[in-house]
Colleague: 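Take this structure first; my questions come after.
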Amino acid sequence: MIGDFSVAPENDALRAVRIGIITFPGTLDDRDAARAVTLAGGTAVGLWHNEANLQSVDAVIIPGGFSYGDYLRAGAIARFAPLMDKVVDASKGGMPVLGICNGFQILTEAHLLPGSMIKNNHLKFSCADQLLRVENNTTAWTGSYEKNSGMVIPLKNQDGQYVADEKTLDELEGEGRVVFRYDGANPNGSRRNIAGITNAAGNVVGLMPHPEHAVEPGFGPDSSAYGEVGLGYGTDGLGIFTSVLTSLVAGGK
């Protein structure tokens, strides 16, 4: 495992992998997610929330933002978009799905992941570079990392506190389904410092911080879990996107 996730070289097998990026009204980070997929070597495909067509993609990313203005609850309306029915069906068939921030909230509302997201315990919007620990590197989205390795990626949310009942939390812990955990101070009050989880199959992952904002030298965090890197040069998040591409190619895509 190397900590410097540099831009992937041209690779026909990787480029053949199509990663869908869903846009809802209020989505903010769809272009950033598409850029991350491209830098990792894959092909990003734009998907519109109101169309029930996944356009033959091999995986789906639900990016961050404020879908439908976060009315009712964050992600509650987006869950009923026509395209989400297709995502739910495809995920049950094994398609890799990643929900980032608002995308994580949508995955809980769609019951693809357990628990829920509520307002940060300090009731303020948070924005900072966040140190995480990768506790599960066997998912479709984390195979490029070593177990218990660190990563520094931006965190920006208002409804970022992950909550679940004790039985669910115990199940997540016991089954190794906590994928990311806040390392150090808990920024939002999430139960057991949980920053991201997976389903039992390991193909659906949700996390609150934003790996797509730590993929390109000069435009990421100022630091890395692997040491100081200089102004904007942290790229710890790129491994999320190389992981799914590598996983799909290895699986015969």
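All residue numbers refer to positions in the sequence shown, counting from 1.
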Colleague: Output, in order, the C-alpha distance, side-chain angles, deciding distance and verdict of side chain to side chain donor-acceptor pair (under 3.5 Å) for N188 and Y182.
Modeller: CA-CA 10 Å; N188 48 35; Y182 296 115; 3.1 Å; yes
Colleague: Nearest 0.5 Å please: distance from the CH2 atom of W48 over to the CG atom of L83.
Modeller: 11.0 Å
Colleague: Give every residue pair that meets the salt bridge (charged side-chain N to carboxylate O under 4.0 Å, His left out) criterion with at least one member in residues 95-109, sequence neighbours excluded.
Modeller: R73-E109
Colleague: Give a yes or no on whether R177 atom CZ has more than 12 heavy-atom contacts from other residues, nucleotides or ligands under 6.0 Å away.
Modeller: yes
Colleague: With the threshold set at 4.0 Å, does a side-chain nitrogen-carboxylate oxygen contact exist between R192 and E166?
Modeller: yes
Colleague: Quick one: do the T242 and S144 side chains pair a donor with an acceptor below 3.5 Å?
Modeller: yes
Colleague: Go through the steps for T139 and N136 under the test side chain to side chain donor-acceptor pair (under 3.5 Å), then give the verdict.
Modeller: CA-CA 7 Å; T139 79; N136 182 339; 5.5 Å; no
Colleague: Atom CE of M208 and atom CG of N102: how far apart are they, to the nearest 0.5 Å?
Modeller: 8.0 Å
Colleague: Spell out, yes or no, whether L28 and I153 are grouped together once hydrophobic residues are joined by side-chain heavy atoms under 4.5 Å, including indirect joins.
Modeller: no
Colleague: Just so I know, are the side chains of P114 and L172 near enough to count as touching, which here means a heavy-atom distance under 4.5 Å?
Modeller: yes
Colleague: With ring centroids as reference points, do Y68 and H49 lie under 6.0 angstrom apart?
Modeller: yes
Colleague: Taking P217 as the fixed residue, which of V229, T235, L39, L238 is the one that meets the side-chain contact (heavy atoms from CB on, under 4.5 Å) rule?
Modeller: T235
Colleague: Nearest heavy-atom pair of N203 and T198: which atoms, and what distance?
Modeller: N-OG1, 4.3 Å
Colleague: Hey, are K156 and D29 close enough for a salt bridge, meaning a charged N less than 4.0 Å from a carboxylate O?
Modeller: yes
Colleague: When you compare the side chain of E216 with that of D32, does any pair of heavy atoms fall below 4.5 Å?
Modeller: no
Colleague: Of all heavy-atom pairs between V152 and S224, which one has the smallest distance, and what is that distance?
Modeller: CG2-C, 3.8 Å
Colleague: Once rounded to the nearest 0.5 Å, what's the spacing between atom CD of E146 and atom CG of N137?
Modeller: 8.0 Å
Colleague: Would you compute the distance between atom OH of Y162 and atom CG of L207 and round it to the nearest 0.5 angstrom?
Modeller: 13.0 Å
Colleague: Which pair of non-hydrogen atoms, one from L169 and one from A164, has the smallest distance, and what is that distance?
Modeller: CD1-O, 3.5 Å
Colleague: Count the heavy atoms belonging to other residues, nucleotides or ligands that lie under 6.0 Å from OH of Y71, then report whether that count exceeds 12.
Modeller: no
Colleague: With S126, which of K124, Q130, H122 fulfils side-chain hydrogen bond (donor to acceptor under 3.5 Å, both in side chains)?
Modeller: H122
Colleague: Taking the side chain as every heavy atom from C-beta outward, state whether F180 and M151 have any pair of such atoms under 4.5 Å apart.
Modeller: yes
Colleague: Which donor-acceptor pairs under 3.5 Å do side chains of residues 55-66 form with protein atoms, sequence neighbours excluded?
Modeller:
| unit_1 | atom_1 | unit_2 | atom_2 | d |
| --- | --- | --- | --- | --- |
| D58 | OD2 | R18 | N | 2.8 |

Colleague: Any salt bridge between E173 and R191, counting N to O under 4.0 Å?
Modeller: no
Colleague: Going from OG1 on T27 to CD1 on I106, what distance comes out if it is rounded to the nearest 0.5 angstrom?
Modeller: 6.5 Å
Colleague: Which value, rounded to the nearest 0.5 Å, describes the distance between F24 atom CZ and D30 atom CG?
Modeller: 10.5 Å
